[in-house]
Amino acid sequence: MAPTVIYRPLVERACNTEPESSNARGEACDEIVNLINQRILRILDLVLLLSGSLTSPEREARENGTRLLGEVVIRCRPVFGEGELHTLAEFLASRLRDWPCLGPAAAACRSLLEVEFAWKEVPGPESGSGGGPRLRNESACLVLEAMAEMLRSAQSFRQEDRSALLQLLLVAVRRWSQLAARLEVPLLDAFLGAADGEKDPRCLLLAFEAVRALCEMHHAPGVDATPLRQLAGEVADWASSYFPISFNPPRNLARGPAAITRADLSSSLELALAASPFLAGGVLPLLVEKLSSTYRPAKEDSLSALRRCCPAYGADALGPHVRQIWLALRAELMAPCGHGGAAAVPLGPGGGGLRSEMDSRLALATSAASCLTALTRAAGPGVMDSMALQDACVGDLLSVIRMAGSPTHASSATSTTRADEQVLCSSMVLAAVAAAGPASLRRTHTLALIQVQSLLADSLTSTNAYSGGADQVLYGATVLAAVVDAVAAELQSTCIAGSVGGEGRRDVVAGTSAWATWLGPSAADGLAVLVEVKGVLLAGLAAVHARLHPEAGGQCDPNSAEHGTATSSDGYAAAAADVMSVDKVCPAQKAQTMNFDPNEGYGPAAAAQLRLAAVGAWGSLLRLHEASAAVAANAIGDTPAMATLQQFVLSQSELTAAAEHLCNYALAGGGAAGPQTQARMSWGRRVHAAQEATAALQMTLEVSRPRPAVAGAGISDANAERTPVVRLLVRKLAAAMASRNTSCNSTSAGGASGEVSRAAALQLATQLAQAKEPGHLLMAHGDVCGDGSGAAAFAAALLWALPPLLLKKGFGGGDEEWLQDCLNQLAACVLPALAAASGLDSASTTSTISVPQTLSPVQLALSSAAHHLVTTTLRAAVEWEAAGGCGLPFQRAVETAAFGGMVEAVSHRSSTAGETSLMAAWCAAIQQLTACCDNKRQIDLAVEAAERIATSSVRLSLPGTEATADPNDAASGWGPASDLALKASVPLACAVVAGLRVGVLETHSTQAIADSLLHLIVAAQSPRASAPGAYAAPRQVRSSCVDCALGTAAVALAATVNRWQDAHALDSWLSAAFQPELLRRISVTRVTCTAASVVDGAPAGLAAAVLEPPSAAVVRAAGWVGRALALRNHSALNSVVDALLGCLRSEPPCSSPITSTIAATAGTDTAAPRNSDAGMLAGMLTSGVSAMDVDNDGDACMDGASPVSATGILQDVEPHGNAVTAAAVAGMAAADMFGVLVAEAAAANGVSLAARAPHAVCRVLWKQRTYSLCVQALEAEYGRHTQQRRQLQDSRTALWIPLQLAVAMARLAGSAPRDMCRTDVRRLAPLLLRSIQSLCRALRSGMDYRLAEPDTELVAGALKDALAVLRDWIEGASSATSEQLRSILQDQVGELVDCVCAAAVVGADPVPGRHVQRPGAPAAVTAWPSSCSPAAGTSAFSPQALDATLAASVREEALRCCSGLVDSLPYHVLHPLRQQVLGCVVQRLDDNKRGVRQLAVQARRVWGDT
Amino acid sequence: MSELINPNPIVHERKSTIRIKSDHRNEALVAEGREPIDALEIFDHIRDINDPEHPYTLEQLNVVSEDQIEVDDDRGRVSVQFTPTVAHCSMATLIGLSLRVKLMRCLPPRFKIDIKLSPGSHSSEAAVNKQLADKERVAAALENPNLLSMVNRCLSPPQESVNEQQQQQQQRNVGEAATAS
């Protein structure tokens, strides 16, 4: 005794249930458990120590004592010996009867009972491995009896105690069922006592489970089921009082992991109801009654319960109730019919309610149909099915179909609708019955389907087609397809259940039974019927197709028929013969059907319906194919049923026919853009016919073939089988795309429909070729075997077929759109998806050429097709050039015209709509195609491309004769002669280079390509030097062709630099070639050429021309290389940024010579002395340190700066003068490049260098580094500028940002990731706001500054970027977390609003006379008088130069910012600005663009409300 | 309001409207780069005004429709006719006032706005029309805080459907682009 005493405080602590000492209690408990587990303390000692509390008269003390003991028992169960267990059981059983101790005692008893099974398996007295010694039967008996006793009065206990008792009951029933049955402990009776009136959801879940366990116990072999039979009625009554579950979870139960939902409860209840066939008598009438309820959940629940119960009850129990159930189900199935008609519901007002009502009825009917299937199967053959098939509805169906075929068929809208519904409902019944099993299928066939078949055959073979015939065909096909579909679904689910194979799913039992049903020895007979149905359906489809597409039918049907007769086992032929035998038509007449007279086609409406029905029927056939293939793949053994099942699989010729038909239907539907039709056979829903057909076609492409145990056949076999389908599709689509005027659609002919069908064909091809993710496909169609390889195979074939289409000679006018469309689709959708899906991207990320890759056949096919297309295109381009080509296929007609001299037209056209030129589309497509090739083919292409580039660059650098061949061209300096080398093949070759993957090229070839590209870019600039005096060249001419070539060359160069493998070689190339050739050109040329102009002593006007600023192309090339270096985190980026900055700066001196003449004529003597300083300083600042520079520019700038003082402060220094000078253009280009440096994806002329892994070397944090580098540089530049202005005492303009710097700032911020801009807001905000002001100012007076048009666009684009960043900030500030952002915006709110208001009027056009002076015009728009009240301001700026759409988008962005401000900043900050904003917004209410007006209304509302 | 005037109104669906073509009158304006303010745009402004007594919009109750709107963008005239759900509707003036206020807030100030009952739709049509056309009375009504708050309640946008509206807006823009091309 003595040693135990020391543990008394421990035990006392463990018994202490004060809330504040719960930690101590837990620790004490743990310690005791440890002690007992280590056998230091015996359980007897513990009981002795606890004796006080266990026997205490205080109920809390007793409860605590029992709880501790129970806990110890639960946790130390294995260490107890047999005797101890018995004692404990005895004691705890007695505790059970003590109600305060009930809960803990029940839990402890549960753990005592738990390990019963170990005793059975290991018959030793001490089985350590089994989890402890057994509990003796007599001890268990004690517990059971006590439990039964307490259960009877359980309803008076607390919820915890009840649930503990129920859990104990569950364990007892599961583990000790034999003992309980032998001892005849009345557990069921006791349970009913406990569960009666139970309302707690947690306990109810347990109770439902207990019902199941108890029923299982009584149904176990060797157990007397009498008690259950006696009490079944009571159990059913008890359970049905909860049906249907109505449960609104209280708030404490609605959340958390242990939350109980209504679905949990109702499925648990369903399982309980299905637990025993004895319950059928009580449950089934209840379910039938609830089915007729008007309460929707009751209907749903009873349907789902029926579905679960019927298989469980079995045929015998169901017998008496079948009729009742059938009647109830029939009512449900027929509910959608005769309800006024869904199809008749017009699409007018009020249709919505009826539609949703209809949908809910339909859902119930579908559910009822599946229930009927389950029931028919459960009731056994000949019970339910015969009842259903003898029902009036089947007779009605047949008569409706017959009536539809008769010539007297009245076709008013309502009667048609009624008939439609009748057919749909009845076909649902038929399908449901047929799906129950082979026997039912056979019976359905004899009773109904045979007649349907013969009717269908009748209507298709009769030579005179009246409109009623269409209905008959429609109905017949729908019924048959519904049956096929239902069976296919059953087979599929069978397959799934079979493959899951006993993995804890409760449906497995049902699944395996279905498996046995469908594949059992007697099933072949029934399945043969389905083969017949399938045959009839196929024959019918062929006939329908022949009627719908007579012109196609002539070509294809003999073909397929020939195939069909060739193989004797072919289902098609057999089926056709079946039809013949049914309706006693000889084969000659059958043939006549095929040669159906095209003049007697269906009407357009009927044709559309038939087309939809045919698509649906093909879909169901394909699903049947898939299902049977899947079953065959999973099945073991070779039964007759399996052999029949093989016949469900569509043969090669059938698949081809499917592809052909579906393709025709899809094209006839007018493509995805086609109209929606109201499909009568899908309850009048609006359906996209073409989309349906396309989906079915996708399925056709992906269908798989059962492979009987020969694994070696593999993919190539599948490919071989797919080939005819693919070939046929491609042929048809190519024909459709090539056709200009002939139309595939027989119902409507003409040029317009030809266009439509072309577009439709393109769309269809695109959709088919878009390989989806394999997983996605599985989800979409439920296909088990589709892996996307079909789409890839199709795409490869399509690519092979494309070159003649894309590159044919003699394009017409209408082809232009299509060509562009096709190229865009290729580049944007098809190829990236293909590359991703086929794994070419991922496969080659790490590999170099030396590592041989294993490519799948599909990948190989794809890559060779892509290669073929690229090479053909390159060759065609060369030929085209040699022929002195203009126009298609490489240039639009408009672009060509521009080349001939219509400069103005093209400049407007090409720049306004923002549409990419055809060449850009080509380049994009070529780049993507190259990316689709494998490494070996990429090298091939690269070699060819390098050759093209090299020859062109050589030709360019020899300007001599070519440039001066034609005087007109020479005048422009950029005539066709010198452009010849740059026309088509060079951009395409550059696109190829840009499409190469990382690691394809070796170092020396990389260097060669880089050199020749560099040479090309630099050489392109030199011819201008050879033609001095011709600076009048309009820039627009350049933009069409040469810019394209040079742009792609720049990207290609960047791509090459970026993918350069050898870092040392790259460094040396950069220092040896790139920096002297390109970078120095940017910064140095100006100096030398200015010098030259002085030397020549040329007049000022000419001096500007001789001046050699870097061309925009060179600057852009530098920028692109900068991007490539930035992606690599290369240190040479610094020098590029410096060069670009230098370029930004270089503008004012360049513009000075021209202004000097102006100034000279103005003769402002007084200004001269002061401005000489300014000029000096400006010169020093802008051009760096060159002394020569200062000397030469001194004169020029002295006069050049004079307008500043002459015209006052409104004009900024740098934009005055002729801003069209080339230097300004270069500066703008440099500014633009700052955006390219950091952007995620940047593209020029369709060719892009995206920061994606397989196509570019891309280091971590490159964006951050580049961004901070650029921001620092720009900030420093701005600081210098400000300082200079301060020195000039020009306080007003001191804070203004020069235009080009502003553009650079805006582009940088706009392209950088938004998060970065948000984090950097403190530094960026002032700069960006001033940039916006500067941009607005430039746009406002664009006329005065004579900004060139592309520059205006650039400025507007930059402004839009900047506003987008601003809006991001404003939106970010509205969230609660961004305190810093908000405070910064608050500090600068005045400037912010100024910016937004100024931007809101960009490009707006105040039409004179339209603005009536408003009486209440706000007076507070003083901040920017000229910007905010154009009615008052006289300086009406001219927006001609600015594209209207772009300007409108800038205004929209500004107004969005405006509206956003209200949400993000506190009102007291905004109030002083309200008048200003409202004044600006009210003007926008009368904007020219509707979108702007709408946003203005919104902005006015939010600002007006505050 | 103890009793509803029309306790059981017919509710219509919100239509999705697509701008098809500008009419010939506005062609001159279109030529100079302006998308003219047309009936559909006006309808967009007023279709989602809430009915004073039912939780539906005026469009759903068929009080306003696109056909009953006439616009002349060039001269700055808008004429809107509306139809109360019942002929004795005492809310007609409030609806009219809401329409007027909404259009005043949404249209440029140069527009003259006419709000009228559609002929024969109301028992005291002339009186209501006169009241709605009276500038002084409208101004006075808007001075009245109770009345103003009622109007504002009618005009407040349904919060949850803002996104939906934007989507529809986008769809409409797409439709416009399609028809334009």
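Chain letters run A, B, ... following the sequence lines, proteins first, then strands; residues in each count from 1.
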Asker: With A/Asp1368, which residues qualify under side chain to side chain contact (heavy atoms under 4.5 Å, CB included), at least two apart?
Answerer: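 Partners of A/Asp1368 under the side chain to side chain contact (heavy atoms under 4.5 Å, CB included) test: A/Arg1314, A/Arg1318.
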Asker: A side-chain contact here means heavy atoms from C-beta on lying under 4.5 Å apart; do B/Cys106 and A/Leu1485 qualify?
Answerer: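 No; the side chains remain at least 4.5 Å from each other.
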Asker: Can you measure from CG (B/Asp38) to CZ (A/Arg1490) and round to the nearest 0.5 angstrom?
Answerer: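 Rounded to the nearest 0.5 Å, the CG-CZ separation comes out at 4.5 Å.
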Asker: Which value, rounded to the nearest 0.5 Å, describes the distance between A/Asp1486 atom CG and B/Ile37 atom CD1?
Answerer: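 These two atoms lie 5.5 Å from each other.
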Asker: Would B/Asp44 and A/Gln1494 satisfy side-chain contact (heavy atoms from CB on, under 4.5 Å), going step by step from the backbone distance to the final call?
Answerer: CA-CA 9 Å; B/Asp44 274 340; A/Gln1494 277 156 351; 4.3 Å; yes
Asker: Is the backbone N or O of B/Glu35 less than 3.5 Å from a side-chain atom of A/Arg1493, with the two atoms forming a donor-acceptor pair by type?
Answerer: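 Side chain of A/Arg1493 to backbone of B/Glu35, a donor-acceptor pair under 3.5 Å: yes, one is there.
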Asker: Are the side chain of A/Arg1500 and the backbone of B/Arg105 linked by a donor-acceptor contact shorter than 3.5 Å?
Answerer: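 Yes, A/Arg1500 side chain to B/Arg105 backbone: donor-acceptor pair under 3.5 Å.
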Asker: Please set out all donor-acceptor pairs under 3.5 angstrom arising from side-chain atoms of residues 80-93 of chain B, sequence neighbours excluded.
Answerer:
{"residue": "B/Thr83", "atom": "OG1", "partner": "B/Gln68", "partner atom": "NE2", "Å": "3.1"}
{"residue": "B/Thr83", "atom": "OG1", "partner": "B/Ser118", "partner atom": "OG", "Å": "2.9"}
{"residue": "B/Thr85", "atom": "OG1", "partner": "B/Asn6", "partner atom": "ND2", "Å": "3.2"}

Asker: Around atom NZ of A/Lys1360, are there more than 12 heavy atoms of other residues, nucleotides or ligands at under 6.0 Å?
Answerer: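 For A/Lys1360, atom NZ is not crowded (no more than 12 foreign heavy atoms under 6.0 Å).
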